[in-house]
2 protein chains.
Amino acid sequence: MSESSQIFVGLNAVILAVTDEEPRILTLRRGEHSVVVPADGSAEPPPAELMDGLPFGPLDPARDRTLELALRAWVREQTGIEVGYVEQLYTYGDRNRDPLERQGGPRILSIGYLSLCREDVVMGATQARWRPWYDYLPWEDWRDGRPQILDKQLEPALKAWIDVAEDRRAAQLRRDRVDIAFGLGGAPWDGYRVLDRYELLYEAGLVGEAMRDRGAPEATGEELPTRRLGRPMCFDHRRILATAVSRLRGKIKYRPVVFELLPPTFTLLQLQRVVEALAGQRLHKQNFRRLVEKGGLVEGTGKLSAGTGGRPAELFRFRHGVLRERPTPGVGLPSLPEH
Amino acid sequence: MSESSQIFVGLNAVILAVTDEEPRILTLRRGEHSVVVPADGSAEPPPAELMDGLPFGPLDPARDRTLELALRAWVREQTGIEVGYVEQLYTYGDRNRDPLERQGGPRILSIGYLSLCREDVVMGATQARWRPWYDYLPWEDWRDGRPQILDKQLEPALKAWIDVAEDRRAAQLRRDRVDIAFGLGGAPWDGYRVLDRYELLYEAGLVGEAMRDRGAPEATGEELPTRRLGRPMCFDHRRILATAVSRLRGKIKYRPVVFELLPPTFTLLQLQRVVEALAGQRLHKQNFRRLVEKGGLVEGTGKLSAGTGGRPAELFRFRHGVLRERPTPGVGLPSLPEH
DNA sequence: AGACTTATGCTAAATCTGAGTATAAGTCAC
DNA sequence: GTGACTTATACTCAGATTTAGCATAAGTCT
């Protein structure tokens, strides 16, 4: 059986924690060699540019009984974390996603996962590092209003991409997609279309990864025609991250997953800040309180927090019973007001 | 490289159409041999019992440029259908999902897909056959009220499963899960928890597949202690179907995917019936009309349908412009009234 | 003490939802 | 052709939910 008809499966994890009101993912700084560690111990190709990547490793079909167990094992080895909540995101399998494939290596499939935890569970003594996810997707953070990068860089670049379309029809298609994904031309901004936006930017050649994947060797995004749009990642890891953000923003609406990111007790403001961090937008405080309290998502503990400078707040905990009362317990987000 | 460290990837498609107000999926009646057609043309093991299965086939890493292209190619070969809308669902990789694995074969991964189309696109001259999806998941259809199978078979069987738990704590855990998944003990029925329910039934050993996978050879579900719960499928295809139903019921809320299942123009009642078929519940007609009309999802064509016995209805079409107006254009379902 | 910060209670207006009434415009049996 | 029946469509109304504020409570900081 030739190399080219073999398949290797890599597992990738977006490991998320929210600390200091900032959603952070665990990244490894690494060279862009293959996902695959050859089983025969042969030398890996020398790493190219160092670049951020998600923790990942191959599925060992002989050892790993399930995909999730394989993922947990790899994360433990690479980062020292014993992950709790885990959710599968998507499986990517386009040819030549991995640079090694182009050199005649085996076909690579990568399965993306999302894991939620708290930063304090991380052991030391590891090369892993927490980094704000908005470093990679800066246009997704609307907490301080419309991100500048949108008007200053993205919009002009996307307009240019529309203009270089083959014909009028193709241009119109591009315009429609851009308008819907980025809330231009009168369309509203939709906080859930994170993946749409990243993929559009990739297709338009506006993120570093696109140029790299098209064959320019060793490109890191620095030398793009536009200034680089967000921090690039190796392989398709940024696409996986975008998938994770999309999925999570959608999921908090109908499942109480936020609590995986919080300590056992918390104030309502802490809870709100975490939701805002994920959603990338601010929420109305009083309404948020009503939502989670009347919605039965939380219950007071009677204890007060050592307030950080104001009236002390009551400490709440997640109310597990809500699961049997309501079909979809979560925190729905308002549609973003237009700016 | 030994067989056991190799990986084969199978692609499975839930191909759905709604005809005569019934959601139907394309199935192939086939023996339970492996997903894998050996590349060297060696003989396959003799088929066991004939059983329904989804169209599926291996990813050929040398030929298929993307997973989706591979899927389309396989579907075309097996069923003659050129699928339109396609969406990836989930990747399953537990060891021993496939009977052949237990016999020392390679590790099998299967990637599930959902495809939406209309039945009339199917060519003849194929072994494929449309079957109502509720044949496989009969407890999911509440259009004529609460399904009888729930009270008569499922509830008693689940209660028995709770009772045989190891200790009181385990029993309580089981009860909680059952109550939430099946809307018992005061919890509401949640039409979206299709996958939860199937996996619970599998874990409780109440579907034919569970017994088969535990090692009983050639079991087809007929000889179960309880009468069989829904029609079984080969491998984990019923789990993939349950995933598809869950996903689709969730998605019609915020994306206008229903229209993939309808002809270009349709009456509002036709549209409603399709949504009801997917959701497995009845909707209030006047409110549904208001929802889709005022929501901008459809626009009238001015033409009238050749009424099937009543006042003729106007023909509508999907209003593409809604995509740029609203972030989440879809048909939200009411929470099911309790029975 | 007074400014400032955060927590929490409460309300008015707008919108959305669920359920029903009423009327229009066809088909079908006879 | 008339009356029963079927489906389509318009409109209403009450209640729930959502959005956006105002107002007050209870701390910290200078």
Side-chain angles (χ1 to χ4, degrees), chain A residues 21 188 191 253-254 265-276 279 281-316 325-339, chain B residues 21 142 188 191 253-254 265-276 279 281-317 325-339:
Chain A
E21 310 187 0
K253 269 191 303 192
Y254 60 94
T265 70
F266 44 82
T267 68
L268 293 185
L269 189 57
Q270 278 179 305
L271 174 59
Q272 181 180 344
R273 292 298 183 223
V274 171
V275 173
E276 287 174 340
Q281 67 177 279
R282 293 274 165 227
L283 302 173
H284 184 284
K285 186 169 178 172
Q286 294 93 321
N287 291 345
F288 182 79
R289 158 178 288 266
R290 184 185 50 197
L291 184 73
V292 296
E293 260 191 316
K294 302 228 164 136
L297 273 171
V298 297
E299 60 191 356
T301 62
K303 292 174 196 162
L304 295 184
S305 76
T308 47
R311 170 173 167 179
E314 185 171 5
L315 285 169
F316 287 77
E325 295 160 12
R326 327 187 103 231
T328 59
V331 282
L333 305 177
S335 51
L336 266 180
E338 321 225 354
H339 288 256
Chain B
E21 311 187 0
W142 288 57
K253 270 192 303 193
Y254 61 93
T265 69
F266 44 83
T267 68
L268 292 185
L269 189 57
Q270 279 179 305
L271 174 59
Q272 182 179 343
R273 292 298 184 223
V274 171
V275 173
E276 288 174 340
Q281 66 176 281
R282 292 273 164 229
L283 301 173
H284 184 284
K285 186 169 177 172
Q286 294 91 323
N287 290 346
F288 183 80
R289 159 178 287 266
R290 180 179 56 191
L291 185 74
V292 298
E293 259 193 315
K294 302 229 163 133
L297 274 171
V298 298
E299 60 191 357
T301 62
K303 291 174 197 161
L304 295 185
S305 75
T308 48
R311 170 173 168 180
E314 185 171 4
L315 285 168
F316 288 77
R317 74 169 75 91
E325 295 159 13
R326 328 187 103 230
T328 59
V331 281
L333 304 179
S335 51
L336 267 180
E338 321 221 358
H339 288 256

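Source: prediction; values computed, not measured. Letters go in sequence order (proteins before strands), and every chain restarts at 1. The analysis underlying the following values was restricted to heavy atoms, covering all of them including side chains, and did not include hydrogens, waters or symmetry mates.
- Residues A/Phe316 and A/Leu271 have side chains not in contact (no heavy-atom distance under 4.5 Å, counting atoms from C-beta outward).
- Atom CZ in B/Arg290 sits roughly 14 Å away from atom P in D/dC13 (whole-Å rounding).
- Atom CG of A/Leu268 is separated from atom P of C/dT5 by 21 Å (rounded to the nearest Å).
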Original post:
How does protein contact run along nucleotides 23-30 of chain C, one letter per nucleotide 5' to 3', with B for base contact, S for sugar-phosphate only, - for none, heavy atoms under 4.0 Å?
Top reply: -BBBS---
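- Between B/Leu315 atom CG and D/dT9 atom C1' the separation is 15 Å, expressed in whole Å.
- Residue B/Asn287 places its side chain closer to C/dA19 than to any other of D/dA20, C/dA19, D/dA10.
- Atom NE2 of B/His284 and atom C1' of D/dA14 are 14 Å apart (whole Å).
- By the side chain to side chain donor-acceptor pair (under 3.5 Å) test, B/Glu21 is found to be paired with no residue, residues two or more places apart in sequence or in another chain being considered.
- For B/Gln286 and C/dT21, a side-chain-to-base donor-acceptor distance below 3.5 Å is present, hydrogens and geometry of angles not being considered.
- Rounded to whole Å, atom C1' of D/dT17 lies 11 Å from atom CZ of A/Arg326.
- For B/Ala313, the side-chain atoms get nearest to D/dA8 when compared with the rest of D/dA8, C/dT8, C/dT17.
- Checked against salt bridge (charged side-chain N to carboxylate O under 4.0 Å, His left out), B/Glu314 has no partners two or more places apart in sequence or in another chain.
- The CG-C1' distance, from B/Leu291 to C/dT15, rounds to 14 Å in whole Å.
- In this structure, the CZ atom of A/Arg282 is 16 Å from the P atom of D/dA20, given to the nearest Å.
- Comparing C/dG9, D/dT9, C/dT17 by their closest approach to the side chain of A/Arg289 singles out C/dG9.
- Between the P atom of D/dA10 and the NZ atom of B/Lys285 lies a distance of 12 Å, rounded to the nearest Å.
- The side chain to side chain donor-acceptor pair (under 3.5 Å) check on A/Arg273 picks up A/Glu276, with sequence neighbours excluded.
- For B/Phe266, the ring-ring contact (aromatic ring centres under 6.0 Å, His included) partners are B/Phe259, not counting sequence neighbours.
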What donor-acceptor contacts under 3.5 angstrom involve side-chain atoms of residues 292-299 of chain A, with partners at least two apart or in another chain?
{"unit_1": "A/Glu293", "atom_1": "OE1", "unit_2": "A/Arg289", "atom_2": "NH1", "d": "3.4"}
{"unit_1": "A/Glu299", "atom_1": "OE2", "unit_2": "A/Arg317", "atom_2": "NH1", "d": "3.2"}

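- Side-chain atoms of B/Leu304 and B/Leu315, non-hydrogen and from C-beta on, never get closer than 4.5 Å to each other.
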